[in-house]
Number of protein chains: 2
Amino acid sequence: MHANVKQNVVPLITPGLKVACSQCNLRELCLPFGLDDTDMARLDSLIGGGRKLKRGQHLYRAGDPFESIFAVRSGFFKTDVLTEDGRDQVTGFQMAGEILGMDGISTEHHTCNAVALEDSEVCLIPFTELELLSSEIHSLQHHLHKVMSREIVRDHGVMMLLGTMRAEERLAAFLLNLSQRFSARGYSHTEFHLRMTREEIGSYLGLKLETVSRAFSRFQDEGLISVQQKHVRILDLPRLKSLLAPPDGRIA
Amino acid sequence: MHANVKQNVVPLITPGLKVACSQCNLRELCLPFGLDDTDMARLDSLIGGGRKLKRGQHLYRAGDPFESIFAVRSGFFKTDVLTEDGRDQVTGFQMAGEILGMDGISTEHHTCNAVALEDSEVCLIPFTELELLSSEIHSLQHHLHKVMSREIVRDHGVMMLLGTMRAEERLAAFLLNLSQRFSARGYSHTEFHLRMTREEIGSYLGLKLETVSRAFSRFQDEGLISVQQKHVRILDLPRLKSLLAPPDGRIA
DNA sequence: TTCTCGCATTGACACAGATCAAAGGGGCAC
DNA sequence: GTGCCCCTTTGATCTGTGTCAATGCGAGAA
């Protein structure tokens with residue numbers, strides 16, 4: 001019981017948690033994508049086991065030495081960066097099959113914090129060994145590059161959102177993005193549970209929590225969604241999507 | 001003469017432009033970083049030559065098939081993404097020694113536009129061959145990963161800027177970033193020429209061009225910088241830096 | 001040289017979203 | 001089960017930045 005009380009103790013690796021990529025139902029979303037059986041077995045052999053995190057625990061913090069990247073096996077994470085003066089910016093939310101920690105490669109130290117938003121499990125992928133293996137397995141190498149590139153493209157999307165969209169567009173884009181990602185994992189794309197607070201959504205979207213709350217209420221008033229605390233149901237997907245087009249519907 | 005008139009004709013590769021990495025004064029900033037002589041020669045042999053662009057020409061456009069990444073040899077670029085409805089967001093400005101095009105790896109197509117903001121030259125680095133070589137040269141592989149990771153970290157910085165900073169902080173951060181990058185290339189870190197318009201700065205910073213202009217004027221009024229059109233001189237670097245700390249100077 | 005056009009500056013005003021404030025409501029710990 | 005605290009909602013007001021508009025300046029063309 002009381003071993004779980006202190007949530008900030010970094011848990012040790014749990015070798016018993018190890019599950020082979022080949023047995024993992026996320027393999028089509030995750031790093032092993034496109035590997036044949038023998039290559040997947042080789043990837044399996046380097047994955048250092050799993051790690052369980054309770055809600056609120058840090059997977060890593062800015063400044064931690066970089067050794068591994070992580071694949072989310074289950075649960076939900078946020079990453080954030082903070083300035084010296086205490087302001088922080090949520091840079092992303094990660095769900096099953098997504099890769100965390102690539103920010104650390106450039107300086108050998110992590111540059112952001114990764115926090116579990118619910119009880120979660122990750123696979124540890126030691127990076128030096130991954131590089132070694134990927135120099136032998138071309139498809140693994142190429143897929144790793146794709147995963148990193150995808151992160152860059154995703155970031156560009158967030159810049160677009162932060163730089164050009166108004167509050168309701170941002171929230172609509174956020175909900176549609178979650179919807180699509182849940183859907184890709186076999187969950188409903190119209191009904192889901194938000195793992196993050198209004199404040200965290202706001203930080204991600206460059207808005208204050210009150211603005212996020214008001215936008216949710218407005219969407220509900222207009223029959224686009226129903227929302228009750230963290231439970232969201234999308235009632236009118238097409239109209240929600242149409243919010244991303246500007247009022248005049250002009251074509252460039 | 002008139003061959004230069006149509007700026008949108010995509011120029012062919014100019015094999016005569018090829019300059020060996022080993023002869024390039026940017027090699028410490030660019031991809032060859034950390035390679036020994038023999039490995040650098042191997043990298044040289046795959047670089048497909050250079051390409052010259054006039055001001056205003058596209059290096060690539062969103063949707064173009066991805067084949068190469070590019071190293072800026074000289075000049076200045078911007079990258080931007082645009083929504084269906086015509087709004088666009090500048091995602092970065094690239095100068096000598098920086099790498100362009102990594103957004104294209106994930107989908108095999110470029111996802112943004114890259115435009116020369118002045119007459120420029122780039123080195124073409126065919127990506128498939130780069131992967132092949134990097135699987136043989138470990139330090140090249142690792143450095144490529146660092147370059148991609150650095151791009152991710154940079155993007156997080158932009159998100160921070162867009163999500164949490166006010167107009168004058170954004171502009172200060174922008175100027176300090178340029179200052180630092182010019183300095184790293186041996187140019188003055190207090191006096192430089194902006195290659196982009198107020199509108200492009202505004203797009204990058206999530207501001208309207210009038211707001212950028214007003215912020216420049218305010219900085220000048222307060223003796224932080226002197227600015228005349230595109231020519232900027234930083235007069236009080238420490239005070240400019242102090243703008244990035246919040247008014248109350250609180251420590252987190 | 002002069003003309004021109006795109007870029008930049010500056011002012012007045014409007015408005016989206018921030019801020020400040022107060023009151024519910026629900027989930028988690030005990 | 002019960003109680004507390006955090007999260008959320010909603011209202012009133014304020015303000016930074018956007019919008020609209022006019023003028024100014026400078027680089028490049030002829």
Side-chain angles (χ1 to χ4, degrees), chain A residues 1-7 54-57 78 87 89-90 117-119 161-172 174 193-221 225-232 243 246-248, chain B residues 1-2 4-5 7 54-56 78 87 89-90 117-119 161-172 193-221 225-232 243 246-248:
Chain A
M1 271 295 127
H2 78 290
N4 285 334
V5 171
K6 283 200 86 68
Q7 300 218 338
K54 307 289 292 180
R55 182 156 76 94
Q57 252 180 341
K78 72 167 177 182
R87 282 178 296 185
Q89 170 73 28
V90 171
L117 295 182
E118 61 182 21
D119 294 0
L161 180 147
L162 291 170
T164 74
M165 293 186 186
R166 25 190 58 254
E168 293 190 2
E169 290 179 277
R170 295 185 197 190
L171 186 63
F174 174 70
H193 185 81
L194 299 173
R195 272 71 173 183
M196 68 298 281
T197 67
R198 299 290 188 265
E199 184 167 19
E200 286 161 338
I201 297 172
S203 172
Y204 182 61
L205 300 179
L207 301 170
K208 292 294 164 184
L209 68 95
E210 295 94 331
T211 305
V212 173
S213 178
R214 279 185 243 271
F216 270 124
S217 299
R218 177 91 71 101
F219 283 176
Q220 178 156 254
D221 291 348
I225 65 173
S226 87
V227 52
Q228 204 170 11
Q229 301 290 118
K230 292 195 158 64
H231 185 84
V232 171
L243 284 186
D248 60 9
Chain B
M1 268 298 125
H2 78 289
N4 284 334
V5 172
Q7 300 218 338
K54 306 288 294 178
R55 183 156 76 97
K78 72 167 177 182
R87 282 178 296 186
Q89 170 73 29
V90 171
L117 295 182
E118 62 182 20
D119 295 359
L161 180 148
L162 291 170
T164 74
M165 293 187 185
R166 29 191 57 251
E168 293 190 3
E169 290 179 278
R170 296 185 198 191
L171 187 63
H193 185 80
L194 299 172
R195 272 71 172 182
M196 68 298 281
T197 66
R198 300 289 187 264
E199 185 168 19
E200 286 162 338
I201 297 172
S203 172
Y204 182 62
L205 299 179
L207 301 169
K208 291 294 164 183
L209 67 95
E210 294 94 331
T211 305
V212 173
S213 179
R214 279 185 243 271
F216 270 124
S217 299
R218 177 91 72 102
F219 284 175
Q220 179 156 254
D221 292 348
I225 64 173
S226 85
V227 53
Q228 203 170 13
Q229 301 287 119
K230 292 193 157 66
H231 185 84
V232 172
L243 284 186
D248 60 10

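Excluded from the calculations below are hydrogen atoms, water molecules and symmetry mates; all remaining heavy atoms, backbone and side chain alike, are included. Here the structure is a predicted model, which is why all the values come from computation and not from measurement.
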Side chain of [X] - closest among [options]:
X: B:Thr211; options: C:dA18, C:dT9, D:dT17; answer: D:dT17
X: A:Ser213; options: C:dC7, C:dT10, D:dT10; answer: D:dT10
X: A:Arg198; options: D:dT9, C:dA18, C:dT10; answer: D:dT9

Could you check how far [atom1] of [X] sits from [atom2] of [N], rounded to whole Å?
X: A:Leu207; N: C:dA18; atom1: CG; atom2: C1'; answer: 10 Å
X: B:Glu169; N: D:dT17; atom1: CD; atom2: P; answer: 9 Å
X: B:Glu210; N: D:dA21; atom1: CD; atom2: P; answer: 12 Å

At under 4.0 Å, does any side-chain N or O of [X] touch on OP1 or OP2 of [N]?
X: A:Ser217; N: D:dT10; value: yes
X: B:Arg214; N: C:dT9; value: no
X: A:Lys230; N: C:dG27; value: no

Query - Helix axis bend for the helix from C:dT1-D:dA30 to C:dC30-D:dG1 - C1'-based end axes, five pairs, 10° rounding - result: 60°
Report task. Would you mind classifying the nucleic acid contact of A:Gly206 as base, sugar-phosphate or nothing, using non-hydrogen atoms under 4.0 angstrom? Result -> sugar-phosphate
Query - Nucleic acid contacts of residues 161-168 of chain A, taken as heavy-atom distances under 4.0 Å to DNA chain D - result: none
Report task. For residues A:Leu171 and A:Val212, report the shortest heavy-atom separation together with the two atoms involved. Result -> CD2-O, 4.2 Å
